[in-house]
Amino acid sequence: MKKLIRIATPLIAVALMSGTTVSAHAQEKQTPASESRSWNTPPSGTEQAQSAYRDGVEAAQLDKAAHRKIDAKSSHLYLHPPVKGAARDEYRANFTAGYEAAVKHTSGE
């Protein structure tokens, strides 16, 4: 009988844990398709554009925490983007979009 309990107990535990995982996945799929994306999720585009958006979000949060002037154009990464040539304008545009999204989110709008 003790051998049966030693074998059955872990099997029951595994069965219970795997059942929870299945139900969690089922609940995730019930979210409406029209749900808007999160404010800090970068828009679709190139990896560089998404990185610029995330940099903007992070810069806004750091400026807010350090009580610095809240302005994307005064940020170090806006003034000195980590890209060369024609990609600078695209980086700055995505950086500004991320920065403004973070500012808007923290102000409660």
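It should be emphasised that the depicted structure is a prediction, and the values quoted were computed from it without experimental measurement. We're numbering straight along the sequence, starting at 1.
Here the CD atom belonging to Gln61 is positioned 8.0 Å from the NE2 atom belonging to His105, to the nearest 0.5 angstrom. Put simply, OG on Ser75 and CD on Glu58 are 10.0 Å apart, with the number rounded to the nearest 0.5 Å.
The nearest pair of heavy atoms linking Ala60 to Val103 is CB-CG2, 4.1 Å.
Both Leu77 and Tyr99 are part of a single hydrophobic cluster, where members link through side-chain heavy atoms under 4.5 Å apart.
In the hydrophobic clustering, Leu62 connects to no other residue, as no ILVMFWY side-chain heavy atoms lie under 4.5 Å from its own.
Using a 4.5 Å heavy-atom threshold, the side chains of Lys104 and Glu100 count as separate.
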In residues 83-96, what donor-acceptor pairs under 3.5 Å come from side-chain atoms, sequence neighbours left out?
| unit_1 | atom_1 | unit_2 | atom_2 | d |
| --- | --- | --- | --- | --- |
| Tyr91 | OH | Asp55 | OD2 | 2.6 |
| Arg92 | NE | Tyr78 | O | 2.8 |
| Arg92 | NH2 | Tyr78 | O | 3.4 |
| Arg92 | NH2 | Leu79 | O | 3.3 |
| Asn94 | ND2 | Glu90 | O | 3.0 |
| Thr96 | OG1 | Arg92 | O | 2.8 |

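Residues satisfying the ring pair (Phe, Tyr, Trp, His ring centres under 6.0 Å) test with His76, not counting sequence neighbours, are His80.
Here the side chain of Ser51 pairs no donor or acceptor atom with the backbone of Glu47 at under 3.5 angstrom.
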